[in-house]
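What follows is a short report on a single structure.
Read the numbers this way: they start at 1 and go in the same order the structure lists the ligands and their atoms. When a residue number appears, it is its place in the shown sequence, counting from 1.
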Amino acid sequence: MRVAIASFEFEGNSLSLRVAGKEDFARFGIFRGDDVVRTATGKQLSVTGALDTLNDAKAEIVPIFMSRCVSGGHVDDAFYDEAVEAIATGIADALPLDGVYLSLHGAMICATEKDPEGGVIKAVREKLDDSSIPIAVSLDLHAHVTQRMADMAQIIVGYETYPHVDAYRTGACAAGLLVRAIKGEIAPVTRIRKYNAIVPVLGGATLGDEPMAQVAALSRGIEADGRALSVSYFPVQPWLDMADVGITGLAVTDGDPAAGDTVAQEVLDAIWDRRRAFELPAMTPADAVRAAIAYPGRTLIVDAPDAMGAGAQGDSPALLSALLEVAPETEATVYIVDPETAAQAFELGEGASARFHIGAKQDTRWFSPAPVQATVERLCNGTFTYSGGPASGSKASTGQTAVLRSGGIQILVGSLPFYEHMDEHYAACGIDIRSCKIASFKNLMNYRKLLEPDVQYIPIHGPGGAPLRLQDVDWENRQRPFWPADDTEEPQEAPATA
Ligand SMILES: [Zn+2]
């Protein structure tokens with residue numbers, strides 16, 4: 001049993017200004033051949049789960065390519081083409097193959113290719129030169145799944161959880177179905193159903209009895225009943241300005257496309273029926289700070305519109321400005337991307353005081369830099385290791401990073417946007433969020449792992465690269481009517497991919 005594996009992951013955002021090129025992917029590593037196995041082994045990545053499953057099945061593994069990058073706007077054509085070419089060439093060189101496993105995100109955007117993951121799968125399929133050789137794909141729960149992807153891959157499996165804690169399981173599940181398909185035990189076929197609707201990411205937790213947890217429970221029930229081999233749900237990365245993006249239900253069945261359609265429709269309707277429940281209350285930055293001061297315990301303020309994992313720049317000073325105005329002496333901490341200010345702090349050195357102008361330098365559409373008189377408390381290199389999540393065990397960095405202090409506020413000024421998991425980035429620079437009355441985060445879900453009995457969270461709303469109110473976004477390419485811009489009780493089919 002000879003199986004090739006490759007991974008190429010990026011989450012795009014049409015509202016983000018960041019373009020990811022080769023150097024951005026290289027920062028996280030561009031691995032080929034045996035380096036893929038060396039890098040993924042012992043981690044909790046989707047690729048790790050697939051590798052372990054294939055090894056258990058005594059498969060001969062041909063590792064080809066692995067690269068990922070922090071979320072942003074889009075991948076430039078040069079690196080997309082290079083990655084696809086590397087994967088396609090690797091497949092051609094690896095023939096004959098019995099199967100292929102691909103770890104993709106599913107919400108990649110490119111300058112030219114309108115269906116980037118579909119393009120990767122198509123390139124693989126063309127090299128295989130035999131439509132019966134199974135391709136298994138694992139995806140993020142926020143994937144934008146196209147019909148072409150479902151047509152070209154026999155097996156597609158999405159994360160079950162948000163916060164994402166099951167990347168390993170997802171890779172293992174996809175690879176497990178692949179092994180069974182290669183052995184001829186099953187004849188998997190993937191079907192999708194999609195509506196022209198998007199829902200806020202913030203309300204999409206699979207925790208407790210929240211809306212997506214109910215959809216997850218329904219899906220696990222369908223699998224347990226044997227109506228499908230695997231059921232996935234995609235509430236979708238909503239800041240994708242493309243007509244064919246929408247909430248999606250997906251089913252992999254054993255050679256029964258009609259049953260797959262029925263199950264995918266059932267799961268899709270379960271998301272649609274709960275669409276209003278995805279809206280969570282949020283406050284202005286100043287009101288959130290006031291509410292935090294009034295609360296007896298600690299507060300995590302969620303700077304949702306500037307969420308870096310959603311593709312935003314991470315350089316909004318909106319919350320910092322509110323803290324300086326409303327609660328300058330309260331023990332609080334914020335992270336802001338501003339390489340200029342970080343470099344200025346390094347030039348001044350620890351202990352120096354100066355007037356800084358922080359944030360709003362890379363994304364200047366909504367705010368001006370916040371003027372702050374502050375002391376350089378600490379300088380650090382910003383390197384840390386993820387303690388969980390989809391990149392668990394991998395290293396990341398905020399680049400050249402300075403801790404500035406103004407009154408009670410510690411401002412962590414980094415040089416790079418990054419995927420926030422928990423508080424690894426604060427801890428790496430000596431900030432203990434447990435000693436802060438207010439700690440802020442620029443992610444949409446992982447902060448919930450930091451909740452304790454005396455800790456509350458408050459999302460803030462406002463302008464940014466990941467705005468909460470999707471109906472207010474100036475969409476250029478979405479087809480009307482769609483939810484939530486048009487309040488219709490009748491779900492609309494998502495348009496086909498152009
Ligand atoms: Zn996701």
Is it the case that Ser440 and Asp303 place a side-chain donor and acceptor less than 3.5 Å from each other? no

So which of the N, O or S atoms of Asp140 lies nearest the Zn ion (ligand 1)? OD1

Indicate whether any N or O donor in one side chain lies under 3.5 Å from an N or O acceptor in the other, for Asp115 and Thr497. no

Return yes when at least one N/O/S atom of His164 is nearer than 2.8 Å to the Zn ion (ligand 1), and no when none is. yes

Under 3.5 Å side-chain donor-acceptor pair for Glu424 and Thr385: no

Test side chain to side chain donor-acceptor pair (under 3.5 Å) applied to Tyr419 and Asn443, step by step: CA-CA 8 Å; Tyr419 177 83; Asn443 73 68; over 6 Å; no

Tell me which N, O or S atom of His142 sits nearest to the Zn ion (ligand 1). ND1

